Amino acid sequence: QGVLVPGLGTFAVVHEEINGTEEVYVVRRPVFQLDMDMSCLRELVFPTVMMPGDIEIMPLDYWWLSQTNSLPPDVVRGCVEETILLYSFQLKDRQYPAFAFENVGILSCQDNVLCMQFHCSCIAGLESRKTWVALLLT
């Protein structure tokens, strides 16, 4: 399943089949598909991520997030929206700060390429049996 963060993009977990020398590995790995206003990304390049059509995409659950930090859901929604708006303004202004997602990864710009770098712990948490294959793929 995937999660849509409005104005930013979609996080999802995909199953990928890799042919090894002696066996076929099927691993779960995280992906991020950017979905921002193109005017923010003038000179920037970003990798195109193809998500399989069978992945169920859910909207960001502000109520669940509010339970993790004791703030009302409408306050959480406002914080998320304002943070994404601020980030898009910075990109438009040619400022490229890193956007950190706790326990997930960092959206950053290196050499005019905006990409999501997932933390090793995030990848390992998704794939316990073939972690090294998933890490290499991601």
Side-chain angles (χ1 to χ4, degrees):
Q1 118 176 5
V3 175
L4 171 65
V5 180
L8 186 64
T10 302
F11 289 92
V13 176
V14 296
H15 294 263
E16 194 161 323
E17 200 172 277
I18 303 302
N19 293 315
T21 55
E22 297 178 14
E23 64 181 295
V24 175
Y25 302 102
V26 178
V27 296
R28 293 169 26 135
R29 67 182 192 89
V31 293
F32 175 70
Q33 183 178 19
L34 189 67
D35 183 24
M36 291 186 81
D37 179 7
M38 296 308 275
S39 67
C40 298
L41 308 172
R42 282 180 259 194
E43 298 91 24
L44 297 179
V45 176
F46 51 93
T48 302
V49 176
M50 297 303 293
M51 290 195 198
D54 62 345
I55 293 180
E56 182 182 2
I57 307 297
M58 306 294 292
L60 187 59
D61 188 341
Y62 297 105
W63 180 86
W64 181 83
L65 283 176
S66 75
Q67 300 305 298
T68 65
N69 60 30
S70 302
L71 294 172
D74 58 327
V75 172
V76 171
R77 178 188 300 268
C79 288
V80 169
E81 289 171 354
E82 290 295 322
T83 301
I84 293 169
L85 188 60
L86 174 62
Y87 187 67
S88 65
F89 282 144
Q90 288 176 317
L91 291 178
K92 191 180 279 188
D93 216 19
R94 294 185 177 91
Q95 299 173 38
Y96 305 125
F99 195 128
F101 297 87
E102 187 174 349
N103 301 322
V104 176
I106 299 172
L107 181 61
S108 63
C109 186
Q110 297 172 359
D111 300 323
N112 284 345
V113 177
L114 187 64
C115 64
M116 186 70 200
Q117 298 169 317
F118 291 94
H119 295 311
C120 292
S121 58
C122 173
I123 298 165
L126 293 172
E127 185 57 53
S128 58
R129 294 180 305 155
K130 304 291 184 209
T131 302
W132 60 272
V133 176
L135 286 168
L136 288 172
L137 289 172
T138 307

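Computation of the quantities below employed the complete heavy-atom set of this structure, encompassing side-chain atoms and omitting hydrogens, waters and symmetry-equivalent molecules. Index from 1, following the sequence. Computed from a predicted model, the values in this text were never measured in an experiment.
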Checklist entry - Is Asp111 reaching over with its side chain to a backbone N or O of Val113, donor-acceptor style, under 3.5 angstrom? => result no
Next on the checklist: Does anything in residues 32-83 form a ring-ring contact (aromatic ring centres under 6.0 Å, His included)? List the pairs, not counting sequence neighbours.
Outcome noted: Phe11-Phe32
Item to check | Value rounded to 0.5 Å, distance of CG in Leu107 from CG in Leu8 | outcome: 6.0 Å
Item to check | Results of side-chain hydrogen bond (donor to acceptor under 3.5 Å, both in side chains) for Asp37 - residues two or more places apart only | outcome: Ser39
Checklist entry - Is the closest side-chain heavy-atom distance between Leu91 and Leu44 below 4.5 Å? => result yes
Checklist entry - Which pairs with one or both residues in residues 52-72 pass salt bridge (charged side-chain N to carboxylate O under 4.0 Å, His left out), sequence neighbours excluded? => result none
Checklist entry - Residues two or more places apart in sequence or in another chain: which of them pass side-chain hydrogen bond (donor to acceptor under 3.5 Å, both in side chains) with Thr83? => result none
Checklist entry - Side-chain contact, heavy-atom cut-off 4.5 Å: Cys120 with Ile123? => result no
Next on the checklist: Side chains of Ile106 and Met116, heavy atoms from C-beta outward: is any pair under 4.5 Å?
Outcome noted: no
Item to check | Residues forming a side chain to side chain contact (heavy atoms under 4.5 Å, CB included) with Val3, sequence neighbours excluded | outcome: Leu60
Item to check | Residue pairs passing the salt bridge (charged side-chain N to carboxylate O under 4.0 Å, His left out) test where at least one lies in residues 88-98, sequence neighbours excluded | outcome: Glu43-Arg94
Next on the checklist: Quick check on the hydrophobic clustering: are Leu65 and Val75 connected, directly or via other members, by side-chain heavy-atom contacts under 4.5 Å?
Outcome noted: yes
Checklist outcome for this item: Across all chains, not counting sequence neighbours, the side chain to side chain contact (heavy atoms under 4.5 Å, CB included) partners of Gln117 are Ser108, Gln110, Cys115
Checklist entry - What's the verdict on side chain to side chain contact (heavy atoms under 4.5 Å, CB included) for Leu114 and Leu34, showing C-alpha distance, side-chain angles and the deciding distance? => result CA-CA 9 Å; Leu114 187 64; Leu34 189 67; 3.8 Å; yes
Checklist entry - About how many Å separate CG of Leu71 and CZ of Arg77, when rounded to the nearest 0.5 Å? => result 14.5 Å
Checklist outcome for this item: Besides Ile55, the hydrophobic cluster formed by Ile, Leu, Val, Met, Phe, Trp and Tyr side chains linked at under 4.5 Å, directly or via other members, contains Leu4, Val14, Val31, Val49, Met51, Ile57
Checklist entry - Do other residues, nucleotides or ligands put more than 12 heavy atoms under 6.0 Å from Tyr96 OH? => result yes
Checklist entry - What residues, two or more places apart in sequence or in another chain, satisfy ring-ring contact (aromatic ring centres under 6.0 Å, His included) together with Phe99? => result Tyr87, Phe101
Checklist entry - Of the non-hydrogen atoms in Cys109 and Asn112, which two are nearest, and what is the gap between them? => result SG-CA, 3.8 Å
Checklist entry - Minimum heavy-atom separation for His119 to Gly105, with atom names? => result CD2-N, 3.3 Å
